[in-house]
Amino acid sequence: MNKITADHLARRAHVYIRQSTPGQVKHNLESQRMQYAVAERARALGWEEVDIVDEDLGISASAGSNRPGFERLLHAVCDGKVGAIFSIEAASRLARNGREWHTLLEFCSVMDVLLIDATAVYDPRLIDDRMILGMKGTISEMEVANFRARGQAALQQMAERGALVRRVAIGFVKGPDGRMEKSPDARIRSAIELVFSKFSEMRSVSRSSCGSTGNRFNCRSLSAPKTRVR
């Protein structure tokens, strides 16, 4: 059964392109080429007007992400301007959470918009296609949950063996073996040692950092080491 009708072809085809991180955008160029090439599939299927939606390159599709491209796509669907949405993968590129995925499916069903990936054409109004699309969305969401669970387990294992370093403490550097070592800068080591020696003397954090020690830093024209928060 040919699901593509003259009414679909009279409207625009939107090709949605997304990569999850800036690192993927910079280094995974082959994925970009494959996604942009989907526009040729749209033209081959009969669409003359093809819009590229690539504002979400470098943005995750998981819950909570602000995706201007996806929002523009939803608005175009609701305005009746879209005949089909193309993506190299029907679910994982478009959404990684159930709320956004099923919102898109509902809008496409009401406005008679097809979803087309690299291998198949789906009509959300048809029960069998809707079931397949729903399963694809569930699998996509579960993949993200599994990624996060594996990452968290890896962090937990590193923490248990004492190898997890979120941020190197002020006055320390990471050595070649990943261990923390005192800074090679003698001024930094001297300043930190002064703070600890004054703490041993004053037995007070506030007096050690802001009181006598602070005055002593000023008198000696010393500055306390700082770390830059990115």
Side-chain angles (χ1 to χ4, degrees), residues 1-21 24 31-32 34-149:
M1 181 179 66
N2 186 12
K3 300 172 185 175
I4 301 174
T5 67
D7 181 55
H8 293 128
L9 295 175
R11 290 175 277 163
R12 293 174 178 269
H14 277 52
V15 179
Y16 184 79
I17 296 169
R18 185 186 64 80
Q19 289 175 292
S20 298
T21 66
Q24 291 180 2
S31 173
Q32 283 185 45
M34 291 174 62
Q35 293 189 62
Y36 279 107
V38 174
E40 295 305 316
R41 173 164 163 76
R43 296 186 180 96
L45 289 174
W47 271 274
E48 295 182 357
E49 294 184 276
V50 179
D51 286 348
I52 303 295
V53 182
D54 58 2
E55 295 95 316
D56 296 342
L57 281 170
I59 302 176
S60 171
S62 58
S65 299
N66 180 26
R67 293 190 290 154
F70 186 76
E71 291 298 323
R72 178 164 76 88
L73 183 63
L74 289 179
H75 283 298
V77 169
C78 293
D79 288 342
K81 299 177 181 178
V82 183
I85 297 172
F86 284 77
S87 180
I88 196 169
E89 297 162 355
S92 62
R93 295 294 165 182
L94 285 160
R96 283 288 199 177
N97 65 87
R99 179 180 58 81
E100 290 183 342
W101 177 239
H102 288 285
T103 296
L104 176 63
L105 292 186
E106 190 63 31
F107 286 1
C108 289
S109 177
V110 171
M111 302 305 295
D112 186 18
V113 178
L114 302 175
L115 288 168
I116 304 175
D117 62 15
T119 60
V121 177
Y122 302 97
D123 185 345
R125 298 177 304 167
L126 301 177
I127 188 64
D128 288 347
D129 285 7
R130 186 64 174 262
M131 180 182 67
I132 293 172
L133 291 168
M135 292 174 62
K136 283 178 174 287
T138 300
I139 292 170
S140 177
E141 192 170 17
M142 289 301 298
E143 284 177 345
V144 173
N146 287 333
F147 293 156
R148 289 175 176 167

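Only heavy atoms go into these numbers, but all of them, side chains included; no hydrogens, no water, no symmetry mates.
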Taking every non-hydrogen atom, the tightest pair across I52 and A39: CD1-CB, 3.8 Å

Close side-chain approach of P124 to L104, heavy-atom, < 4.5 Å: no

Closest non-hydrogen atom pair between L45 and L9, with its separation: O-CD2, 3.8 Å

Rounded distance [0.5 Å steps], CG in L94 versus CD1 in I88: 12.0 Å

Residue pair K136 / E89, side-chain heavy-atom distance below 4.5 Å: no

For V50 against R43, the heavy-atom pair lying closest together: CG2-CG, 3.9 Å

W47 side chain near I116 side chain, heavy-atom distance below 4.5 Å: yes

Side-chain ion pair, D51 and R12, N-O less than 4.0 Å: yes

Heavy-atom check, side chain of R125 versus side chain of D112, under 4.5 Å: yes

Min side-chain heavy-atom separation R130-L105 under 4.5 Å: yes

Min side-chain heavy-atom separation V38-Y16 under 4.5 Å: no

F70 side chain near R18 side chain, heavy-atom distance below 4.5 Å: no

Distance in Å, L73 CG paired with I85 CD1, rounded so as to fall on 0.5 Å steps: 4.0 Å

Audit row: S31, Q24, side-chain contact (heavy atoms from CB on, under 4.5 Å) steps and yes/no: CA-CA 9 Å; S31 173; Q24 291 180 2; over 6 Å; no

Side chain to side chain contact (heavy atoms under 4.5 Å, CB included) partners for T138, two or more places apart: M142

Under the salt bridge (Lys or Arg N to Asp or Glu O under 4.0 Å) test, residues paired with D7 that sit two or more places apart: R11

Value rounded to 0.5 Å, distance of CZ in R67 from CD in E100: 4.5 Å

Atom pair CZ (R93) and CG (D117), whose distance is rounded to the nearest 0.5 Å: 12.0 Å

Stepwise side-chain contact (heavy atoms from CB on, under 4.5 Å) check, V113 with H14: CA-CA 10 Å; V113 178; H14 277 52; over 6 Å; no

Point-to-point distance, once rounded to the nearest 0.5 Å, from CG of D129 to CG of L114: 9.0 Å

Side-chain heavy-atom pair H8, T5 within 4.5 angstrom cut-off: yes

Least distance between heavy atoms, V121 atom then R41 atom: CG2-NH2, 4.3 Å

Heavy-atom donor-acceptor pair, D54 side chain to I17 backbone, under 3.5 Å: no

CG-OG distance between L126 and S109, expressed to the nearest 0.5 angstrom: 9.0 Å

